[in-house]
Protein chains: 2
Amino acid sequence: MTIKPKAGERKRGSGVQYVYGILRDEILDLTLAPGAPIDEIRLAERLSMSRTPIREALVRLASEGLVTTLPNRSTVVANIDFMNLHTFFDAMTLMYRVTTRAAAQFHTPADMTAIKSRQADFAKAVEAQDALAMIASNREFHAEIARAGRNPYYNSLSLRLLDEGRRLLRMYYRSFDDRLPPEYVAEHEEMISAISARDLDRSDRLAKAHADQIVEQIRGFIARDHRDHVTL
Amino acid sequence: MTIKPKAGERKRGSGVQYVYGILRDEILDLTLAPGAPIDEIRLAERLSMSRTPIREALVRLASEGLVTTLPNRSTVVANIDFMNLHTFFDAMTLMYRVTTRAAAQFHTPADMTAIKSRQADFAKAVEAQDALAMIASNREFHAEIARAGRNPYYNSLSLRLLDEGRRLLRMYYRSFDDRLPPEYVAEHEEMISAISARDLDRSDRLAKAHADQIVEQIRGFIARDHRDHVTL
DNA sequence: TGTATTTTATTTGTCGACAAGTTTTTCTAA
DNA sequence: TTAGAAAAACTTGTCGACAAATAAAATACA
């Protein structure tokens, strides 16, 4: 549940950031369904602020591909393009590989501490069989690795892909409420050890295997799901 | 010279796009120097429109890393980080490779026509020894290849890198006014033939060689330039 | 003269208002 | 009753205004 600050209680200048964060979460959580229109006025009332900061947040979301702006008509939540998921899988696999490799090369001790901490969160979520927490902590784990790789270009693409992945996974965990294969925890541990040992090639190989496994899982979800997502 | 439409002569809804395009060009052309502050009011007067669409354009530029917003203080043109250029070179090389490879795999006849047309523009610019036109047409050539690869994630990162590259090259062509090695034209031709033949590995190899060559050229510029860019 | 402090001026972030479009509803006519 | 036209209702894009925050200038003080 999101707590809504009263009208004047927010710091000046934080309006756009605030709206951006809320909308982003609601889109990735599927609280806002793909294709759903976003009404600026209703949003302004709900968050008790004027339309200006809300529009600025929407411009930012649009430039990241999370919403689509139809000129003079409502902005809508971006659709999931099931026809071209392979482009997503391709890019995600590549980014897993290059960021993990770069992390192996450039990480500092502080990075390793942070990565291990994320992995602990992930293990806890798996232990508790909490699918939503797994999705979130898995994202943070890989985001931390990307950060340790210290390449802002790879970093921003990775974050974008991780976020879209979060939305995709959410879609299926909601319908199936499946058990996650527990080997993910072990795979993460192996990746940590490869990064820590600065073994670039092994990091690369493990990242690719990990990505392939996730892609297979999502593919499995989709195969079991025979409704017509195409027009969604 | 940019032609400025009078106040009411623009189509409603095109304001943000219009400002975004102008600012983006001026930043990449170095008309606006890295670190220069952007005054919203002056800009509003210059383009004869209110601050609202200008601010929305700035939000978009910020999310693409072309400007930096200092809260409650002026937004400034993003600096070029000479300390971490290797991250740029890394990412550019990788994107050249994956987009050229993807183009070889997925291109249509229409794509090939477009790519060859861009190459013709580039050859013309080289012929005329017009460095600025070379930079621009080289960008369009690679952007067209990326488009033919049909992966929106690779596409947007590629465009971002090509644009930053444009700014970087501009910086050095301005000081040195060098002659471009004409082998670039031949390399482009080879890439076209590999893409056309759907030879993925050869496309990949050529793209990497091409990227390496460009990286070496920029490195050469920087090596010859001994002023302290670091704090720029 | 140089430094700290108050005052002034400039610039940003947010707001409410209004006009240009778009969608929905109502009305008209076959 | 239904198709098309006209009108009403709503939504978006842009504007000018104002308050909060910062930067610059002026003043006081050692």
Side-chain angles (χ1 to χ4, degrees), chain A residues 2 4-24 26-27 32-33 35-64 66-78, chain B residues 2-24 26-27 32-33 35-78:
Chain A
T2 329
K4 181 182 73 175
K6 276 182 216 154
E9 285 186 9
R10 233 171 299 100
K11 267 173 271 165
R12 173 192 157 88
S14 69
V16 179
Q17 214 103 17
Y18 175 70
V19 180
Y20 170 80
I22 287 186
L23 274 181
R24 191 168 155 287
E26 292 190 350
I27 291 171
L32 292 170
I38 297 175
D39 186 325
E40 295 175 6
I41 296 175
R42 240 180 290 273
L43 239 183
E45 284 168 5
R46 182 155 78 86
L47 305 181
S48 47
M49 55 172 55
S50 99
R51 277 174 54 225
T52 309
I54 281 163
R55 284 181 57 83
E56 292 181 3
L58 287 177
V59 169
R60 184 162 166 206
L61 288 166
S63 91
E64 291 168 14
L66 263 54
V67 304
T68 310
T69 311
L70 313 169
N72 282 319
R73 229 161 309 138
S74 67
T75 27
V76 297
V77 178
Chain B
T2 329
I3 292 125
K4 180 182 74 175
K6 277 183 215 154
E9 285 186 9
R10 232 171 299 99
K11 267 173 269 163
R12 174 193 158 86
S14 68
V16 180
Q17 214 101 17
Y18 174 68
V19 180
Y20 170 80
I22 287 186
L23 274 181
R24 190 168 156 287
E26 293 191 350
I27 291 171
L32 292 171
I38 297 175
D39 186 325
E40 295 175 7
I41 296 176
R42 239 179 291 273
L43 239 182
E45 283 167 5
R46 183 155 77 88
L47 304 181
S48 50
M49 55 172 56
S50 97
R51 277 174 53 224
T52 310
I54 282 164
R55 283 180 59 82
E56 292 182 4
L58 287 177
V59 169
R60 185 162 165 206
L61 288 166
S63 91
E64 291 168 14
L66 263 55
V67 304
T68 310
T69 311
L70 313 170
N72 282 318
R73 227 162 313 138
S74 66
T75 35
V76 297
V77 178

- Task: Starting from the C-alpha separation in whole Å, work towards a yes-or-no answer on side-chain contact (heavy atoms from CB on, under 4.5 Å) for B:V67 and B:I27.
- Result: CA-CA 9 Å; B:V67 304; B:I27 291 171; 3.7 Å; yes
Nearest-Å distance, [atom1] ([X]) to [atom2] ([N])?
X: A:R51; N: C:dA17; atom1: CZ; atom2: P; result: 12 Å
X: A:E45; N: D:dT12; atom1: CD; atom2: P; result: 12 Å
X: B:L43; N: C:dT11; atom1: CG; atom2: C1'; result: 14 Å
X: A:D39; N: D:dT11; atom1: CG; atom2: C1'; result: 7 Å
X: A:N72; N: C:dA20; atom1: CG; atom2: C1'; result: 7 Å
X: B:E40; N: D:dC18; atom1: CD; atom2: C1'; result: 15 Å

- Report the distance from atom CZ of B:R24 to atom CG of B:L32, rounding to the nearest 0.5 Å.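 One finds 13.5 Å between CZ of B:R24 and CG of B:L32.
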- Has B:Q17 got more than 12 heavy atoms of other residues, nucleotides or ligands less than 6.0 Å from its CD?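 At most 12 heavy atoms, drawn from other residues, nucleotides or ligands, come within 6.0 Å of this atom.
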- Item | Criterion side-chain contact (heavy atoms from CB on, under 4.5 Å) against A:I38, the qualifying member of A:T68, A:V76, A:V77 |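 Exactly one pass, corresponding to A:V77.
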- Message: Within the 4.0 Å heavy-atom criterion, would you say A:S74 contacts the bases, only the backbone, or no part of the nucleic acid?
- Response: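 Contact class for A:S74: sugar-phosphate only.
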- Message: If you take any heavy atom closer than 4.0 Å to DNA chain D, which residues from residues 52-71 of chain B end up in contact?
- Response: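 B:T52, B:P53 - these, ordered by number, are the residues of the stretch whose heavy atoms sit under 4.0 Å from the strand.
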- Item | Of B:R42 and A:V16, the one whose closest DNA chain C nucleotide lies more 5' |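 Nearer the 5' end of the strand: B:R42.
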- Return no unless some side-chain N or O of B:R73 is found under 4.0 Å from OP1 or OP2 of C:dG13.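 Checking B:R73 against C:dG13: no side-chain N or O falls below 4.0 Å of OP1 or OP2.
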- Quick one: do B:E64 and B:R60 make a salt bridge, cutoff under 4.0 Å?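 Between B:R60 and B:E64 there is a salt bridge, with a charged N closer than 4.0 Å to a carboxylate O.
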- Message: If you apply the rule side-chain contact (heavy atoms from CB on, under 4.5 Å), what do you find for B:L66 with B:L23, and how did you get there?
- Response: CA-CA 10 Å; B:L66 263 55; B:L23 274 181; over 6 Å; no
